[in-house]
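The block underneath contains the structure these notes are about, expressed in structure tokens.
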Amino acid sequence: MSAQPESGQAELTGNVMFYKQPEPLSLERHRSLGAKRVDRPFQFLGASHVVPITVNEFGVAAGSYPVIFAGEKKTPLAVMGIRGGENVFVDRSGELDPEIYLPAFVRRYPFVFASDGQNERLLVCIDRAAPMIGENPEVPFFNGDEPSQYTQDAIEFCKEFERHRLGTETFVKTIDDLGLFEEKDITLSQNLPDGKQEQARIADYFAISEEKLNALPIDKVQMLREQGMFGPIYAHLISLLSWPKIINRGLTIANAEMQAQTRANTPLA
């Protein structure tokens, strides 16, 4: 892992949510750049209804939204909306609800580690398209020829995130190897104009099964306890109780949009 800003240009591979123009941080290219204060710095989050989350965050996130596992890799995700492209915790102006827990995946922005595509090194990168990055910054990336304290702190945060990401992969693999995942779905009853009800599926996901967990042999239970996995497991299960909150917020937004559309289409008397 390269935790130092790169002096040369490297070719990056892969895509990361939210990052439109990632570039390896370098003294030559970014000497005059840095971060400045902007209004609504997390406005970009408004277009994402799910955000990756690491296992160490399950406990603090459980009171804000459901934490689910999705896809072939069973990636842990914070559910922040019921419709693609809509985050129920970000209003139309781009303001983030200050009462929710903000995942580290979002807080590290505009910094990120990325692979150079050659020898699998992880390079420190910035999203050059980030609105808070620019010339004449309030906080520079470099002081002279050395990374500023701001940059050093951001790199340390990314290092910590990477450690937690790897720990999350270990957690998921352990749960999967023990056969504790079960497929689940969330559906919503909708009233049709003819008075009938229609079931609309909101999400298909994986969750840890309490039944399978309770049926584990004692030696496996002890292994999970020794590895400190019961805390995240129960935090995940508790977080699923937040589904109604997410659904209600989503329905409130949808109803407001329908009412606004109706008013727009109603001719003036």
Working to the nearest 0.5 Å, report the span between [atom1] of [X] and [atom2] of [Y].
X      : Y      : atom1 : atom2 : result
His236 : Ile53  : NE2   : CD1   : 12.0 Å
Ile208 : Ile68  : CD1   : CD1   : 12.5 Å
Ser209 : Leu216 : OG    : CG    : 9.5 Å
Phe18  : Arg108 : CZ    : CZ    : 9.5 Å
Ile218 : Met223 : CD1   : CE    : 12.0 Å
Leu102 : Leu45  : CG    : CG    : 6.5 Å

Lys/Arg-Asp/Glu bridge criterion (N-O < 4.0 Å) met for Glu138, Arg37: yes
Do Lys173 and Glu169 sit within salt-bridge range, that is, some charged N less than 4.0 Å from a carboxylate O? no
Any side-chain heavy atom of [X] sitting closer than 4.5 Å to one from [Y]?
X      : Y      : result
Phe69  : Thr75  : no
Phe206 : Leu180 : no
Leu122 : Glu162 : yes
Met229 : Thr174 : yes
Tyr65  : Leu77  : no

Compare every heavy atom of [Y] with every heavy atom of [X], then report the nearest pair and how far apart it is.
X      : Y      : value
Cys158 : Phe111 : SG-CB, 3.8 Å
Pro110 : Tyr19  : O-CE2, 3.6 Å
Pro137 : Ser32  : CD-O, 3.6 Å

Cation-pi between Arg107 and Phe105: NZ/CZ under 6.0 Å from ring centre and within 45° of the ring axis? no
Quick one: does NZ or CZ of Arg31 land under 6.0 Å from the six-membered ring centre of Phe142, within 45 degrees of the ring axis? no
Do the side-chain N and O atoms of [X] and [Y] include a donor-acceptor pair separated by under 3.5 angstrom?
X      : Y      : answer
Glu23  : His30  : yes
Gln149 : Asp153 : yes
Ser148 : Thr151 : yes

[atom1] of [X]: more than 12 outside heavy atoms within 6.0 angstrom?
X      : atom1 : answer
Glu135 : CD    : yes
Lys245 : NZ    : yes
Lys212 : NZ    : yes
Lys220 : NZ    : no
Gln222 : CD    : yes

Let me check something: do [X] and [Y] share a hydrophobic cluster, defined by ILVMFWY side-chain heavy atoms less than 4.5 Å apart, either directly or through other members?
X      : Y      : answer
Ile238 : Tyr205 : no
Val60  : Phe161 : yes
Val139 : Ile155 : yes
Met17  : Ile100 : yes

Would you confirm whether the ring centroid of Phe44 sits within less than 6.0 angstrom of the ring centroid of Tyr109? yes
Donor-acceptor pair, [X] side chain versus [Y] backbone, under 3.5 Å?
X      : Y      : answer
Asp176 : Val172 : no
Asp91  : Gly94  : yes
Thr170 : Leu166 : yes

Between Phe89 and Tyr101, is the ring pair (Phe, Tyr, Trp, His ring centres under 6.0 Å) condition met? List the steps. CA-CA 10 Å; Phe89 297 108; Tyr101 173 73; over 10 Å; no
Classify the angle between the aromatic ring planes of Phe58 and Phe171 as parallel (below 30°), tilted (30 to 60°) or perpendicular (above 60°). perpendicular
Between Ile253 and Arg83, does the side chain to side chain contact (heavy atoms under 4.5 Å, CB included) criterion hold? Intermediate values first, please. CA-CA 11 Å; Ile253 293 172; Arg83 296 188 295 181; 4.1 Å; yes
